[in-house]
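Please read the structure below before turning to the comments.
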Protein chains: 2
Amino acid sequence: MSLNSFKCCPIDNTFKIIGKKFTMHIIRNMAMKEHTRFNQFLDHIEEINPKTLSARLKEMEKAGLISREVYDETPIRVEYHLTNKGKDLQGILLQMAAFSMKHYPKQVFKDGKARTVKQVFNISSPKLN
Amino acid sequence: MSLNSFKCCPIDNTFKIIGKKFTMHIIRNMAMKEHTRFNQFLDHIEEINPKTLSARLKEMEKAGLISREVYDETPIRVEYHLTNKGKDLQGILLQMAAFSMKHYPKQVFKDGKARTVKQVFNISSPKLN
DNA sequence: CGGAATCCTGAGAGATACTG
DNA sequence: CAGTATCTCTCAGGATTCCG
């Protein structure tokens, strides 16, 4: 199976979906911290502002990475959840975590000692689809 | 092992290194097409221009992802190669490819049929460090 | 060949205030 | 609570030319 079977580059395509600032941070907080709500993201994502957060959430919903559900209570409640497609980004997320945990232990860990993803998240290598 | 051992987020840290436009494209061409030279990147990376390419290469060298070697011939020859650290980004690269190959087969493949990374690259899941 | 130097532009991000 | 509405502004990136 050769590279000739490609019409466009899958890496370029993926980058267009997740490459914008904060997109992976939102995915991270949904996948690893189980955050679901607007102000939760706003309060816990480094340096994000409501305008940008709103824009990212809309893009991600349009791309099918997340779902948006409105609960008509007072006060209103809106929850965002990862779709199965969004969950498939966890492989990228873990590889990203692994890279910094290996190469930047002093910045990443309080005690400065490197750890593996398996140690921290108790997870094994994500399958390649 | 809990999330409390983190000083800063490894995903955020990685994103700061590879999140800029074209960085992963350069890594891709080095890792998968064995490109090594300035004009090779310039000619084969979609929409890049010399100024941005130059900036990315410098950042990447400074970050220790690539090495720069000058061969004093006429005309001068300069080669860029992935360091071991740069090679450790291949796991992310493969996960990125896998995502689009699974979810966007019609955009990615000429025949529109999904393939796995294993089928295309004859490679198994990258290890998580 | 491998860039550096300019100049230019606009998308996108930041800050803040406001609203249903 | 979950967003809009402005308004400002920077700087990443594009286009082009030139240089050792």
OP1 or OP2 of D:dA2 under 4.0 Å from side-chain N/O of A:Ser54: no

Proximal nucleotide (of D:dA2, C:dG3, C:dG12) relative to the A:Lys20 side chain: C:dG12

Interatomic distance, B:Phe22 CZ vs D:dC11 P [rounded to whole Å]: 19 Å

Whole-Å gap separating P (C:dT19) and CG (A:Asn39): 18 Å

Short side-chain N/O contact to D:dG3 OP1/OP2 from A:Arg56, under 4.0 Å: no

Any A:Lys21 side-chain nitrogen or oxygen under 4.0 Å from OP1 or OP2 of C:dA11: no

Under-4.0 Å side-chain N/O to phosphate OP1/OP2 contact, A:Tyr80 with D:dC1: no

From C:dG20, D:dT16, C:dG2, nucleotide with atom closest to A:Ile76 side chain: C:dG20

Nearest-angstrom distance from the residue atom NZ of A:Lys16 to P of C:dA11: 17 Å

Nearest heavy-atom neighbours spanning A:Phe15 and B:Ile18: CE1-O, 4.3 Å

C:dA13 phosphate, OP1 or OP2, under 4.0 Å from A:Asn49 side-chain N/O: no

B:Asp43 CG - C:dG2 P separation (whole Å): 10 Å

N/O (side chain, A:Thr52) to phosphate O (OP1/OP2, C:dG12) under 4.0 Å: no

Beyond-backbone contact of B:Asp12 with A:Arg28, side-chain heavy atoms, under 4.5 angstrom: yes

For atom CG of B:Leu53 and atom P of D:dT16, their distance in whole Å: 17 Å

Side chain to side chain contact (heavy atoms under 4.5 Å, CB included) between A:Asn29 and A:His44, intermediate numbers included: CA-CA 8 Å; A:Asn29 281 27; A:His44 294 281; 3.9 Å; yes

Nearest non-hydrogen partners of B:Met24 and B:Leu93, listed with the distance: CE-CD1, 3.4 Å

Gap between atoms CD and P, on A:Glu69 and D:dG3 respectively (whole Å): 13 Å

Distance in angstrom units between B:Tyr71 OH and C:dC1 P, rounded: 18 Å

B:Arg77 side chain near C:dG3 phosphate (N/O to OP1/OP2, under 4.0 Å): no

Spacing of A:Ile48 atom CD1 relative to C:dG12 atom P, expressed in whole Å: 15 Å

Pair of N/O donor and acceptor under 3.5 Å linking D:dG14 base with B:Lys51 side chain: yes

Validation row: B:Phe109, B:Met101 side chains within 4.5 angstrom (heavy atoms): yes

Phosphate-side-chain proximity, A:Arg37 and D:dA2, N/O vs OP1/OP2 below 4.0 Å: yes

